[in-house]
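A, B, ... follow the sequence lines: proteins, then strands. Residue 1 opens every chain.
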Number of protein chains: 2
Amino acid sequence: MKTTIKDIAEKANVSFATVSRALNNHPRISSATKEKITKIADELNYKPNFNARSLVKKETKIIGLVLPEIQGDFFTEVIKGIDQVAHSGGYHVIVASSHSERSIAESIMSFMGESMVDGVILMIPAISDQLKEIIGVSGSTPVVIINGNHEIEDFDIVYIDNFQGAYSIIDYIIKNYNYTKIAHIKGPLKNNDALERFEGFKAALQDNGLELPDEWIINGDFNIKGGEIACSRLLSLRNKPEVIFAGNDMMAAGCYRAIKTYGLSIPGDIGVVGFDHTFLSELISPPLTTVHIPIFEVGKKAASLLLEKLKNKDHQPNQIKISTGIILGESCRKKLVGKSA
Amino acid sequence: MKTTIKDIAEKANVSFATVSRALNNHPRISSATKEKITKIADELNYKPNFNARSLVKKETKIIGLVLPEIQGDFFTEVIKGIDQVAHSGGYHVIVASSHSERSIAESIMSFMGESMVDGVILMIPAISDQLKEIIGVSGSTPVVIINGNHEIEDFDIVYIDNFQGAYSIIDYIIKNYNYTKIAHIKGPLKNNDALERFEGFKAALQDNGLELPDEWIINGDFNIKGGEIACSRLLSLRNKPEVIFAGNDMMAAGCYRAIKTYGLSIPGDIGVVGFDHTFLSELISPPLTTVHIPIFEVGKKAASLLLEKLKNKDHQPNQIKISTGIILGESCRKKLVGKSA
DNA sequence: CTGTTAGCGCATTCAG
DNA sequence: CTGAATGCGCTAACAG
């Protein structure tokens with residue numbers, strides 16, 4: 001039998017309300033009785049019942065984390081960041097990876113509807129109208145979104161600066177390596193992060209006065225296999241690009257495979273650029289030139305933002321930008337002007 | 001304002017007890033009123049309050065997952081497996097990655113003490129006496145452990161057959177590739193999985209009548225840097241091994257780096273064997289010869305076991321073995337007998 | 001400063 | 001089959 005405040009009230013010859021006060025640092029309580037009660041509570045190894053407290057206080061000290069589908073080391077870092085901040089704020093994290101049997105919408109509604117969580121962090125590739133509606137219900141649970149699209153107002157969003165990341169690295173390789181023929185393998189069609197990267201890529205080309213034939217834009221899926229297939233198509237073109245900008249590291253790894261299959265070398269025959277700076281990018285050979293995302297930071301920022309909302313009910317929607325950086329691997333190299341690869 | 005059973009009771013002109021019955025498929029209820037109530041509940045978009053229900057039923061439908069520290073793609077797979085089974089059993093998963101500010105013991109005690117979870121899945125490198133004590137408290141929350149050590153009775157454990165995995169792959173490369181000089185980079189000292197792998201390794205050498213000089217056994221830490229350093233030491237030996245068996249894939253990747261630094265080639269100059277068959281192992285070049293672990297399966301099995309315990313209170317402690325497999329990459333190759341590498 | 005009372009939302013006795 | 005009453009463990013008024 002677990003000990004309750006009644007048990008310890010009895011043993012201390014006080015009412016159980018007094019016990020509650022003593023244990024919650026209530027201002028109006030004598031330090032003498034408080035000490036006595038604390039001592040007895042300790043002896044009896046008392047732990048407050050989480051559910052009872054939640055029921056009356058109408059807050060669970062739990063935040064829900066909804067993931068599109070967990071895979072790769074990307075998400076672990078996010079979870080880690082969220083968990084760290086949540087813990088230091090006295091919150092627990094409950095995860096729901098949506099899969100075939102459970103949609104994102106279902107996860108959210110379950111979390112919020114049953115009052116199981118105080119807030120929700122939503123990590124999703126795209127924000128559908130349905131989702132907007134669910135989240136937007138006034139007076140409902142606070143939600144923070146981690147997504148590439150920051151143009152949606154009225155929502156708290158932590159977003160990676162995909163545009164700048166793509167622009168910077170492409171601009172860099174153009175100016176420093178003299179590349180002029182750059183192809184791109186896009187991410188999933190409806191993925192906002194993927195879209196932003198594509199936009200940044202195009203802007204960099206345009207600002208540098210470079211052409212972009214349609215055949216150098218291939219659809220991908222953020223997976224390794226998709227990258228491999230897309231790369232093969234690029235390699236079989238008559239007008240081959242000099243370097244391939246893959247929408248993420250995973251697809252860049254797919255490029256490595258395809259290029260190897262074709263008996264070509266990186267960066268000698270063709271360059272490769274990735275995005276994410278995952279663990280993987282440093283392990284493949286040659287090390288990948290890619291865009292760094294402080295993933296751990298993303299998780300921390302999202303959790304911080306949510307905790308802030310929880311504390312400050314009437315807080316204004318906030319958009320937090322996460323900046324990226326350039327990682328110079330060895331998958332690109334200077335091209336001598338006037339010579340073609 | 002969220003709708004409660006009282007709201008719908010009022011609207012249906014019944015007592016709220018009847019509503020409770022109708023919504024919980026109670027046997028003694030007329031299908032007419034049941035239908036009426038269900039309909040109204042639907043209209044009012046009623047969702048039962050999680051905390052209230054938990055409080056009275058004394059079960060939260062939450063299982064706690066304690067992780068040593070989340071990193072790499074290994075854990076994501078486990079979480080995924082656990083979450084899938086948990087979800088289909090109507091449970092939620094709350095994660096706690098222990099870090100500097102929070103010990104494993106603290107996580108467990110918090111989960112169990114506050115009656116926040118119905119059961120706990122513990123993924124830990126080693127089982128300390130302190131942990132045994134905490135878990136062992138009779139009548140306490142059911143716990144399932146994921147760990148390399150299965151020799152601890154009285155506990156429910158899901159364990160990877162590390163011994164067999166190591167034995168099999170070492171035996172294989174000896175018999176098929178004629179290797180005779182095999183070194184090992186161990187995992188963390190107190191890690192049970194690491195220990196079992198070492199044992200399997202030694203047994204395979206012994207059964208094949210091979211020697212194992214002390215200098216071929218190096219301590220590692222399961223991280224890439226540790227693998228790199230350990231490998232460097234092996235490569236600087238006068239009596240070099242022909243192949244290095246790294247305690248896990250991460251350290252094997254470290255070996256790749258060191259070997260490259262030394263200007264040697266894999267498997268031409270030296271072979272490498274890993275353990276885990278992580279995503280990474282297929283992406284590095286050459287693909288790693290390693291031991292496959294069905295990680296997703298581990299998560300699923302652990303969750304299934306826990307749910308079973310939850311259903312069957314007087315269920316006998318169970319040890320579930322997860323078998324491993326051999327993945328033949330290209331990091332080892334046949335050595336011609338009579339010639340040294 | 002402390003005791004008494006009420007009630008969070010729900011499941012579950014006990015009557016009828 | 002249904003209604004009324006009780007309590008899960010705790011916090012928060014309200015008195016004293």
Student: Any luck finding a side-chain donor-acceptor pair between A:S15 and A:T18 under 3.5 Å?
Tutor: yes
Student: Decide, yes or no, whether a salt bridge links B:K309 with B:D156 under the criterion of side-chain N to carboxylate O below 4.0 Å.
Tutor: yes
Student: Which residue lies toward the 5' end of DNA chain D, B:V14 or A:S20, if each is placed at its nearest nucleotide?
Tutor: B:V14
Student: Would you indicate whether the side-chain heavy atoms of B:V117 and B:I63 approach each other to under 4.5 Å?
Tutor: no
Student: Please work out if A:T33 contacts a base, only the sugar-phosphate, or nothing of the nucleic acid, heavy-atom cut-off 4.0 Å.
Tutor: sugar-phosphate
Student: Can you check the B:L23 CG to D:dT2 C1' distance for me, whole Å?
Tutor: 16 Å
Student: Find the distance B:L55:CG to D:dC8:P and express it as a whole number of Å.
Tutor: 9 Å
Student: If we count only N and O atoms by modelled type, under 3.5 Å, do the side chains of A:N51 and B:K58 hold a donor and an acceptor together?
Tutor: no
Student: Which residue lies toward the 5' end of DNA chain D, B:A17 or A:H26, if each is placed at its nearest nucleotide?
Tutor: B:A17
Student: Is B:K58 close enough to D:dG9 that one of its side-chain N or O atoms is under 4.0 Å from OP1 or OP2 there?
Tutor: yes
Student: Please determine if a side-chain N or O atom of A:N24 lies less than 4.0 Å away from the OP1 or OP2 oxygen of D:dT11.
Tutor: yes
Student: For B:N51 and D:dC8, what is the distance between atoms CG and C1' respectively, to the nearest whole Å?
Tutor: 12 Å
Student: Base, sugar-phosphate or nothing for A:Y46? Non-hydrogen atoms, less than 4.0 Å.
Tutor: sugar-phosphate
Student: Grab the CD-C1' distance between A:E59 and D:dC10 for me, whole Å please.
Tutor: 13 Å
Student: Grab the CD-P distance between B:E10 and D:dG3 for me, whole Å please.
Tutor: 14 Å
Student: Walking along DNA chain C from 5' to 3', note the first and the last nucleotide with an atom under 4.0 Å from a heavy atom of chain A, and give both.
Tutor: C:dC1 to C:dG9
Student: Look at the side chain of A:N49 and the backbone N and O of A:A52, then say whether any donor-acceptor pair between them is shorter than 3.5 Å.
Tutor: yes
Student: Please determine, by modelled atom types, if A:T33 and A:S30 share a side-chain donor-acceptor pair under 3.5 angstrom.
Tutor: yes
Student: B:I29 near the nucleic acid: base, sugar-phosphate alone, or nothing, with a heavy-atom cut-off under 4.0 Å?
Tutor: sugar-phosphate
Student: Give the rounded distance in Å between these two atoms: CZ of A:R21 and P of D:dA13.
Tutor: 11 Å
Student: Could you check if a side-chain atom of A:S115 sits within less than 4.5 angstrom of a side-chain atom of B:K2, using non-hydrogen atoms only?
Tutor: yes
Student: Given D:dT11, D:dC8, D:dG3, identify the nucleotide with an atom nearest to the side chain of A:K57.
Tutor: D:dT11
Student: If you fit an axis to the five pairs at each end of the helix from C:dC1-D:dG16 to C:dG16-D:dC1, how big is the angle between those two axes, to 10 degrees?
Tutor: 40°
Student: Can you measure A:R53 atom CZ to D:dG9 atom C1' for me and round it to whole angstrom units?
Tutor: 11 Å
Student: The side chain of B:S30 lies closest to which of these nucleotides: D:dG3, D:dC1, D:dT11?
Tutor: D:dC1
Student: Would you say A:D118 and A:T60 are linked by a side-chain donor-acceptor pair, where the criterion is simply a distance under 3.5 Å?
Tutor: yes
Student: Quick one: is B:S15 getting a side-chain N or O under 4.0 Å of the D:dT2 phosphate, OP1 or OP2?
Tutor: no
Student: Going by distance alone, is a donor N or O of one side chain under 3.5 Å from an acceptor N or O of the other, for B:S323 and B:D161?
Tutor: no
Student: For B:I37 and D:dC1, what is the distance between atoms CD1 and P respectively, to the nearest whole Å?
Tutor: 13 Å
Student: Going by side chain to side chain donor-acceptor pair (under 3.5 Å), A:N147 matches just one of A:N191, A:D193, A:N192. Which one?
Tutor: A:N192
